[in-house]
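Written below as structure tokens is the structure these notes are about.
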Amino acid sequence: IKSEKRMLISSPKKTSMHPDNVDKSSGSSHAQTSSNSNIRTEFIKIMFPEGPMGMTLTKDHKELALVSKLLSGGAAQANGVKIGDFIVGVAGKSVNNYDEIMHMIPCMNRPLEIQFSRIVRVANG
């Protein structure tokens with residue numbers, strides 16, 4: 001896992017879409033649809049083995065850990081992580097603060113489970 005020193009300044013278009021404002025409490029993969037739009041938040045859990053994770057995290061304007069780069073063919077990309085995903089959990093603990101995540105991950109044993117949230121636009125039916 002790599003860290004970028006710069007801070008990402010752009011913000012999501014709607015506050016309700018931000019990972020801080022969604023329910024992170026349930027299972028390994030679920031979605032929550034916003035009541036006023038065609039947007040939902042999906043959550044995925046990925047188990048990372050020993051070795052490089054193949055992703056770079058950037059601290060966004062709310063100090064959240066945003067996936068900003070993926071190594072082609074790396075563990076993160078191979079397991080479905082996408083640029084723009086946010087980390088919302090590490091080893092079963094709900095955590096989304098960039099600094100805390102960057103401190104935790106190197107100290108944790110592998111395999112290591114990381115939970116990501118992703119904002120998805122839903123096509124009109």
Side-chain angles (χ1 to χ4, degrees):
I1 189 167
K2 291 184 180 179
S3 168
E4 289 188 339
K5 301 272 188 240
R6 67 183 173 86
M7 204 172 183
L8 189 65
I9 303 301
S10 63
S11 64
K13 291 180 182 175
K14 295 185 180 182
T15 308
S16 63
M17 296 168 30
H18 208 274
D20 270 351
N21 301 320
V22 294
D23 174 27
K24 301 186 278 269
S25 61
S26 63
S28 64
S29 180
H30 74 278
Q32 178 178 351
T33 304
S34 174
S35 61
N36 62 354
S37 66
N38 293 331
I39 296 170
R40 71 177 182 197
T41 303
E42 294 180 344
F43 298 90
I44 59 170
K45 290 181 182 177
I46 297 174
M47 193 68 69
F48 286 92
E50 289 292 331
M53 292 183 177
M55 64 181 172
T56 300
L57 300 177
T58 301
K59 184 188 294 189
D60 83 344
H61 72 285
K62 286 192 166 187
E63 299 191 3
L64 301 178
L66 173 71
V67 177
S68 57
K69 292 182 186 175
L70 292 170
L71 177 64
S72 182
Q77 185 181 53
N79 284 290
V81 176
K82 295 182 180 179
I83 292 173
D85 288 354
F86 288 91
I87 293 181
V88 294
V90 176
K93 178 183 176 191
S94 181
V95 57
N96 60 13
N97 177 273
Y98 173 87
D99 292 327
E100 188 174 354
I101 289 167
M102 293 306 291
H103 174 75
M104 287 177 71
I105 289 176
C107 300
M108 306 295 286
N109 291 326
R110 302 283 186 96
L112 176 62
E113 181 183 84
I114 298 180
Q115 184 176 12
F116 297 84
S117 70
R118 173 180 304 148
I119 298 163
V120 178
R121 296 198 185 282
V122 181
N124 289 334

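One-based numbering along the sequence shown.
- The nearest pair of heavy atoms linking A76 to G54 is CB-O, 4.0 Å.
- If you chain together hydrophobic residues whose side chains sit under 4.5 Å apart, F116 and I83 fall into the same group.
- Taking every heavy atom of both residues into account, G84 and L66 meet most closely at O-CD1, 3.4 Å.
- Contact record, I105 with I87: CD1-CD1, 4.5 Å, taken as the closest heavy-atom pair.
- One distance of note links CZ of F86 with CG of L64; it measures 6.0 Å at 0.5 Å rounding.
- The shortest side-chain heavy-atom distance between N38 and R121 does not fall under the 4.5 Å cut-off.
- F48 has its side chain within reach of M55: a pair of non-hydrogen atoms, C-beta onward, lies under 4.5 Å apart.
- When each of M47, M53, K45 is paired with I114, the side-chain contact (heavy atoms from CB on, under 4.5 Å) condition holds for M53 and for no other.
- M108 and V95 end up in the same hydrophobic cluster when Ile, Leu, Val, Met, Phe, Trp and Tyr side chains are linked at under 4.5 Å.
- Atom CG of L112 sits about 11.5 Å away from atom CD1 of I46, to the nearest 0.5 Å.
- Judged purely by atom type and a 3.5 angstrom limit, R110 uses its side chain to pair as donor or acceptor with the backbone of G51.
- Sorted by first and then second residue, the salt bridge (charged side-chain N to carboxylate O under 4.0 Å, His left out) pairs with a member in residues 94-108 read K59-D99, K93-E100; sequence neighbours excluded.
- Atom CG of residue D85 and atom OG of residue S68 lie 11.5 Å apart, to the nearest 0.5 angstrom.
- Taking CG of L57 as the reference point, atom CD1 of I101 lies at 7.0 Å (rounded to 0.5 Å).
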Between V120 and I39, does the side-chain contact (heavy atoms from CB on, under 4.5 Å) criterion hold? Intermediate values first, please. CA-CA 6 Å; V120 178; I39 296 170; over 6 Å; no

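- Interatomic distance, OH of Y98 versus NE2 of H103, reported as 14.0 Å (0.5 Å rounding).
- Every pair tested for salt bridge (charged side-chain N to carboxylate O under 4.0 Å, His left out) that includes a residue from residues 75-84 fails, sequence neighbours excluded, so the list is empty.
- Side-chain atoms of Q77 and L71, non-hydrogen and from C-beta on, never get closer than 4.5 Å to each other.
- In this structure, the side chain of N79 engages the main chain of A75 through a donor-acceptor pair within 3.5 Å.
- Atoms CD1 and CZ, on I119 and R40 in that order, are 12.5 Å from each other to the nearest 0.5 Å.
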